[in-house]
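Structure first, commentary second.
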Amino acid sequence: MSAPIPADEAAGPSGVDGRIDVMLADHVRERPAMVDACERLMRSLPGMLHLARYRTGVCDFALDAPAPVAGAHELDADERQLVDRDVVHAMTTLGGVLRPARSGDLIRVVLHTARGALFALQLSREQHLVGVVRVEDPADEPPPRQPTIRAADIGLSRLANAEHTAVGEQPTNYGGWLTPVSTASGPPGPSGSPAVEARPRTWVRDESYAGLAARCAGQVHAEGLHYVAVCRPGRLEATADVLDDPRLGDFFADASPARRRAFYGHLAQRVDELLRAVVRSAHPAIGSRVRRLVLDVEQGAFYCYPVGLDRYLLAVTLDQDRVAEGDEKAAVFGAELAG
């Protein structure tokens, strides 16, 4: 990497106040236009400490700001880039893990901890944007609704889509943020089929979990979360889904409801492994006390919420328009389970 390039020190009204250091890789001959966009975003968002772009796992550029909390232990620029590379590698690995669901590429990862959040967005198959945000929002606020996290999530989505537009590509609906909640589309349903609502399908490990299964069934709907499971490492406790609802038929062109259900059940039993893969990479930057993990694919998202010691909620939506809405529903149910 080349030496730091001092950036303009004029601060935005609520974002970074002071110097932002910009590092350009030796292979980058001219300052990319995206660097200026990254700097503007950092100055507009509170808590945004780091932004970087990676191509085939190699850093093109990175922007770093001082910690917003006086005396807080912070990584230096080189350490942050090591974290980034590990996160990009973990994202590539997780994309392979999720591929059997046939829901498209993994386009966005959000790891939210008690200390902040790390975001990784896929700009292309070999190019990623990584950002780190530190937060001071109230801990009792549902994770997706924390103002600092939400603003960063939306801002990074817009930044990534500006890059798509600049090269003549269609925007990507990261996090479902391109779809206003009030106009989110309902489930398409097969052409010519009546909109018949299917009853939730439940599964329990044994009858002692029947009440839990009923609670899970109350969370699934064709226009919301489509699958939920409460699980421990290597063990399902209860699941519920509406994958057989005929209104969801268009989501199953490449995989049957039975196949998806089996995959989700298998994945739920490995949620702890998914968390470890990302936390192992990101904990030097944001700690390891996880509040949620979001794995956003081209067609929907997977949400993981810890709800106890070695106990997790895994929730899934198939509808990309409802990814943000599904995250909030999963957060509320996760809080109820955690008691």
Side-chain angles (χ1 to χ4, degrees), residues 5 7-16 20-25 27-65 80-81 84 87-88 91-92 95 104-111 116-133 144 147-181 183-184 294-299 301 320-321 323-324 327:
I5 301 173
D8 179 15
E9 297 192 11
S14 60
V16 173
I20 294 177
D21 288 330
V22 180
M23 302 287 291
L24 298 181
H27 66 271
V28 177
R29 297 184 179 181
E30 296 183 3
R31 179 182 172 112
M34 192 178 186
V35 171
D36 295 328
C38 287
E39 184 183 338
R40 288 193 296 271
L41 181 64
M42 290 181 72
R43 293 199 180 283
S44 69
L45 294 176
M48 179 68 75
L49 297 184
H50 173 73
L51 271 175
R53 189 181 73 186
Y54 286 78
R55 192 185 309 270
T56 61
V58 177
C59 185
D60 287 337
F61 60 79
L63 293 82
D64 290 281
R80 287 181 184 173
Q81 290 168 38
D84 291 351
V87 168
V88 169
M91 185 174 182
T92 301
D105 286 347
L106 178 59
I107 59 173
R108 166 179 163 267
V109 172
V110 181
L111 179 66
L118 187 144
F119 300 86
L121 280 67
Q122 178 182 273
L123 298 175
S124 68
R125 286 288 178 92
E126 297 183 343
Q127 193 173 176
H128 297 81
L129 178 68
V130 180
V132 175
V133 181
T148 302
I149 298 297
R150 192 180 187 92
D153 205 349
I154 295 172
L156 287 168
S157 171
R158 290 174 176 168
L159 177 65
N161 276 317
E163 186 74 356
H164 287 305
T165 301
V167 296
E169 296 176 349
Q170 292 297 311
T172 297
N173 198 7
Y174 301 104
W177 294 120
L178 291 181
T179 309
V181 173
T183 60
V294 180
L295 303 176
D296 184 2
V297 290
E298 291 177 297
Q299 191 181 80
Q320 192 63 24
D321 287 340
V323 168
D327 198 1

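Keep in mind it's a predicted model, so treat the numbers as computed, not measured.
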Is any side-chain heavy atom of Val87 less than 4.5 Å from a side-chain heavy atom of Leu111?
-> no
Cys59 vs Met23 side-chain heavy atoms within contact, under 4.5 Å = no
Contacts of Arg158 that satisfy salt bridge (charged side-chain N to carboxylate O under 4.0 Å, His left out) - sequence neighbours left out | none
Are Cys38 and Met34 side-chain neighbours, meaning at least one heavy-atom pair lies under 4.5 Å?
-> yes
Give the C-alpha distance, both sets of side-chain angles, the deciding distance and a yes or no for side-chain contact (heavy atoms from CB on, under 4.5 Å) between Val133 and Asp153.
-> CA-CA 10 Å; Val133 181; Asp153 205 349; over 6 Å; no
Is any side-chain heavy atom of Ser157 less than 4.5 Å from a side-chain heavy atom of Ile154?
-> no
To the nearest 0.5 Å, how far apart are CG in Leu123 and CD in Glu169?
-> 9.0 Å
Set of residues satisfying salt bridge (charged side-chain N to carboxylate O under 4.0 Å, His left out) with respect to Asp84, sequence neighbours excluded = none
Would you give the length of the straight line joining atom CZ of Arg55 to atom CZ of Phe61, rounded to the nearest 0.5 angstrom?
-> 9.0 Å
List for me each residue that meets side-chain contact (heavy atoms from CB on, under 4.5 Å) alongside Pro171, sequence neighbours excluded, and say none if there are none.
-> Asn161, Leu178
So how far is it from Leu63 CG to Leu24 CG, rounded to the nearest 0.5 Å?
-> 8.5 Å
Enter the distance from Leu159:CG to His164:NE2 here, rounded to the nearest 0.5 Å.
-> 10.0 Å
Of all heavy-atom pairs between Gly176 and Val323, which one has the smallest distance, and what is that distance?
-> N-CB, 4.0 Å
Step by step, work out the side-chain contact (heavy atoms from CB on, under 4.5 Å) result for Ile149 and Phe119.
-> CA-CA 10 Å; Ile149 298 297; Phe119 300 86; 4.0 Å; yes
For the atom pair OG1 (Thr179) and CG (Asn173), what is the distance rounded to the nearest 0.5 Å?
-> 4.0 Å
By salt bridge (charged side-chain N to carboxylate O under 4.0 Å, His left out), Arg125 pairs with (sequence neighbours left out) Asp105
So, the side chain of Arg80 versus the backbone of Leu49: is there a donor-acceptor pair under 3.5 Å, distance only?
-> yes
Heavy atoms, side chains only, cut-off 4.5 Å: are Arg108 and Val294 in contact?
-> yes
Spacing of CE belonging to Met48 relative to CD1 belonging to Ile20, to within rounding of 0.5 Å | 10.5 Å
Closest non-hydrogen atom pair, Arg150 against Pro144 = NH1-O, 3.5 Å
Considering residues at least two apart in sequence or located in another chain, which fulfil the side chain to side chain donor-acceptor pair (under 3.5 Å) criterion with Gln320?
-> Asp296
Could you list the residues that satisfy side chain to side chain donor-acceptor pair (under 3.5 Å) with Glu298, not counting sequence neighbours?
-> none
Name all residues meeting the side-chain contact (heavy atoms from CB on, under 4.5 Å) criterion together with His27; count only those two or more places apart in sequence or in a different chain, and write none if there are none.
-> Ala25, Val58, Asp60
For Met91 against Leu121, the heavy-atom pair lying closest together | CE-C, 4.3 Å
Can any side-chain N or O of Tyr174 pair as donor or acceptor with the backbone N or O of Gln122 at less than 3.5 Å?
-> yes
Considering residues at least two apart in sequence or located in another chain, which fulfil the side-chain contact (heavy atoms from CB on, under 4.5 Å) criterion with Glu126?
-> Thr56
Which residues satisfy the side-chain contact (heavy atoms from CB on, under 4.5 Å) test with Ala166, sequence neighbours excluded?
-> none
